[in-house]
Amino acid sequence: MKEKLYIRKAAVLGAGVMGAQVSAHLANAGIPVTLFDLAQTDGDPNALANKALKMMKKLRPAPYAVSGVESAITAANYNDHLASLADCDLVIEAISERMDWKTDLFGKVAPHLAPHAILASNTSGLGINKLAEALPAEVRKRFLGIHFFNPPRYMHLVELIPAAETDPEAVNGLESFLVSNLGKGVVIAKDTPNFIGNRIGVFSLLATIHHTERLGLGFEVVDGLTGKALGRPKSATFRTADVVGLDTFSHVVNTFKEYLADDAWHSHFTTPTWIQLLIEKGALGAKSGAGVYAAKGKQVIDLAAGEYRAADGTVDDEVQALLRERDPAKKLAALRASENPQAQLVWCILRDLFHYCAVHLGDIADTARDVDFGMRWGYGWKHGPFETWQASGWSQVAGWIAEDIEAGKTMTQVPLPAWVGQIDAVHTPEGSYSPSAGAYHALSDHPVYQRQRVRENVLGSTPVSLGDTVFEDDSVRMWHDSDDVAVLSLKSKMHVFDGGVLEGVLRAVDTAERQFKGMVVWSPDAPFSAGANLKAVADSVAQGDYDAVEQMVTLFQEATMALKHSMVPTVAAVQGLALGGGCECQLHCNRTVAALESYIGLVEAGVGLLPAGGGCKELAVRVAELAKGGDVFPYVKTVFENIAMAKVSGSGLEARFMGLLRPSDVVIGNAHELLHVARAQVLAMHEAAWRPPMRGLPIPVAGKTGIATLKMVMVNMLEGSFISPHDYDIGSRVADAICGSEVEAGSTVPEEWLLTLERKHFMALLHEEKTQQRIEHMLKTGKPLRN
Ligand code: NAD
């Protein structure tokens, strides 16, 4: 039997932007890491790595999933600590992008590597085979490229680039690890300069710059055309360039120029003079306060005038109308036909992108799907270039590109490769086209993907079908996969809880008890749930129908209590937001499996309310459990702060730290594996002869002493104007609800008592004008109002 790859310990070489953040993400996955950098001769020899570790605490978005994980990282240097590499299973090199420096370092580290250790380079584009040449033959078998995207915790893509001698088992083992433990989307790339993501992404940027200049459009207008309107990040083209840094961008363009001498687009691989001028002036982008944009994005550089002007250019109404067209084929045809330069820009950048991708596909990737995944996962595009092309009509668009090549309108006149005309689609139910094989290749059959019930795929592939329906209405669908575990999926927008969903939960629990071993609450896409349906609450309030709201709150409590006390185990599978009512739902399921990227919180105070779907009650129960018969107050404080300050966890790990997940709840790296893991939990609980928590147990509470102490803290905050009188009122009611109201400290109360309390306070707050203003503001702006 082949030895399985276990990553017990890792090392990262280079504590720069990437190395430091990669080590943080390894630590998030529970892996001890040694972070190396050059030894410093003055003072602390580990100063570089230590400084990086310190900086990461302040970096946003946060590389650490929860405070404390940094203790898994040990700072080191190459003079003193190379011997510690001996017990590392994975060593990732992430030093400056210089072939000579990297190969030099390989010479130093190779003798210290364990015989089984994998060595991987995070180079953005240097040749992996070339780097491998610097290594002893033994190490070459376990050497490959591992290209993370910045920021590595959040960008889904990792490109793995095997060299000619890399053992396929090393690649497979690493793919499993990256997918399951680090939560990544892996694309296997060929060893060509800049691999897949950056090759296409940077080309797309260059093509956009080219057509912007040619058509004389304002940069802010082009950003308006190439961001959300094209299913790409809001920062679009030039705001992205500013974030990346114009100097870095120029550096990347130079590597294109240097390494891609044979590329038919080579003459376009230059940094435009105006960008060079900005760099010379020190206008490098976001890091220097000015770049293409200045004044926090309010001004933009005007090339004709050579100075910044107000960034007030907009996309023309007629072009906006074209971009809103839902049928991609009609949309592209209309953009192409329009004489408006803004429409022309969009057509031309897509055309040249398709042209470039088609010409290079065979060299850089196995299939068109790998390019599309690369752009989705590495650049945040909703769809990759081949998907967009195919959705717009494969042959039709190919004909248009060929016409424009003929007419000399494209950036280069190299013809489309012959395969383009020989197929009708790049993505089919059978698989995606591979020009190098002349065949369609199905998704990888690597066993790690058997853990993904809904595997991401491209447009044009067969949509995933989800099991057999048990029952379905407008709000929920209960289904199963010819096994004994039922799944309840929410159908409401953002999976909010409303009357229909709550009725669905009750019906599902009842059905699961009769027909299944247990039930998972899981929806195929994020978020788990954005909360209760606030709009419905606001509508009832507007009509003065408070009874309707109270009935809804009662129903909510019935539904959550049903989840908790069901005779079969219930497991919540959480990813993304689990706010307010969504959090209460997961709190009441008998177990939660949460993806690392879960943002969980009881945020009701933000809209002037408190959790009344059992949230206050359930946290009081957990506090009592944690106190183990002792004083409950020390545990009440954290719970109170969670609710009164509407705190949201920055990750699944942090939710556990905040007490919103139990120690027995499971946090996993990859959201695609949630259903797999949650099902396994249901079965394990069933096999352990499941009994629900007992109903009606007496719960020790902090009582009036607890309330008084919490209020005292709030009085100080009120006097210091840190909170408003309305915050104080909400906080006082939260204190009352979680401490069991005016009873003696240490008394016990039944669950029903706590449920009644939270319901009472919720309804009282709902009658408050300030709460109603908060609700209205949230519905209008999506942001909390502090009044
Ligand atoms: P960086 O400049 O932030 O850090 C480079 C690190 O290398 C520093 O810690 C420095 O001390 C160290 N170093 C410099 N010279 C060295 C030498 N001769 N020997 C040993 N160490 C040396 O760079 P970065 O952005 O973190 O990039 C690191 C690698 O990751 C590069 O190969 C880069 O192409 C790649 N990469 C970068 C990004 C990105 O967005 N920054 C994304 C993906 C990949």
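Side-chain atoms are counted along with the backbone in the values below, which use heavy atoms only and exclude waters and symmetry mates. Ligands are counted one by one from 1 in listed order, and the atoms in each one are counted from 1 as well. From a predicted model like this one, the values you see are computed outputs, not experimental measurements.
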Identify the protein heavy atom lying closest to [atom], giving its residue, its atom name and the separation to 0.1 Å.
| atom | answer |
| --- | --- |
| atom 43 (C) of ligand 1 | Phe148 O, 3.1 Å |
| atom 2 (O) of ligand 1 | Ser96 OG, 4.3 Å |
| atom 44 (C) of ligand 1 | Ser124 OG, 3.1 Å |
| atom 32 (O) of ligand 1 | Glu97 OE1, 2.5 Å |
| atom 41 (N) of ligand 1 | Met18 CG, 3.8 Å |

Non-hydrogen atoms of Ser651 and Ala65 that approach each other most closely: OG-O, 2.6 Å
Pairs meeting criterion ring pair (Phe, Tyr, Trp, His ring centres under 6.0 Å) with involvement of residues 12-42, two or more places apart: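 Sorted result for residues 12-42: Phe36-Tyr78.
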Yes or no, since that's all I need: does a protein heavy atom fall within a distance strictly under 4.0 Å of atom 23 (O) of ligand 1?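 Flag for atom 23 (O) of ligand 1 set to false, no protein heavy atom closer than 4.0 Å.
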Under 4.0 Å between a Lys/Arg side-chain N and an Asp/Glu carboxylate O for Asp363 and Arg199?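 No, this pair does not count.
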Quick test of your reading of the model: are Lys51 and Asp37 salt-bridged, counting only N-O distances below 4.0 Å? no
Taking Lys190 for the side chain and Gly362 for the main chain, is one N or O donor matched with an acceptor at less than 3.5 Å?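 Such a contact is found between Lys190 side chain and Gly362 backbone.
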Lys102 near ligand 1, heavy-atom distance under 4.0 Å?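 True for this residue.
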For Thr123, the atoms of ligand 1 under 4.0 Å from one of its heavy atoms are 32 (O)
Can you find an N or O of [X] that's nearer than 3.5 Å to an N or O of ligand 1?
| X | result |
| --- | --- |
| Trp101 | no |
| Gly16 | yes |
| His147 | no |
| Val17 | yes |

Quick one: does ligand 1 sit under 4.0 Å from the side chain of [X], the backbone, both or neither, non-hydrogen atoms only?
| X | value |
| --- | --- |
| Arg98 | neither |
| Asp37 | side chain |
| Phe149 | neither |
| Leu13 | neither |

Parallel, tilted or perpendicular for [X] and [Y], by the 30°/60° rule?
| X | Y | answer |
| --- | --- | --- |
| Phe203 | Tyr356 | parallel |
| Trp389 | Phe386 | parallel |
| Trp377 | Phe373 | parallel |

Selected option - heavy-atom contact closest to atom 31 (C) of ligand 1, from Val244, Asn122, Ile95: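 Closest candidate by heavy-atom distance is Ile95.
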Per atom 16 (C) of ligand 1, closest listed option by heavy atom (Asn150, Asn77, Leu38):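 Looking at heavy atoms only, Leu38 sits closest to atom 16 (C) of ligand 1.
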Rounded to the nearest 0.5 Å, what's the gap from CD1 on Ile200 to SG on Cys357? Could you check?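 Interatomic distance, Ile200 CD1 to Cys357 SG, rounded to 0.5 Å: 4.0 Å.
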Spacing of Gln40 atom CD and Asn50 atom CG [to the nearest 0.5 Å]: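 So the CD of Gln40 and the CG of Asn50 are separated by 10.5 Å.
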Can you list everything that forms a side chain to side chain donor-acceptor pair (under 3.5 Å) with Glu175? Sequence neighbours excluded, please.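 Per chain and number, Glu175 pairs via side chain to side chain donor-acceptor pair (under 3.5 Å) with Tyr449.
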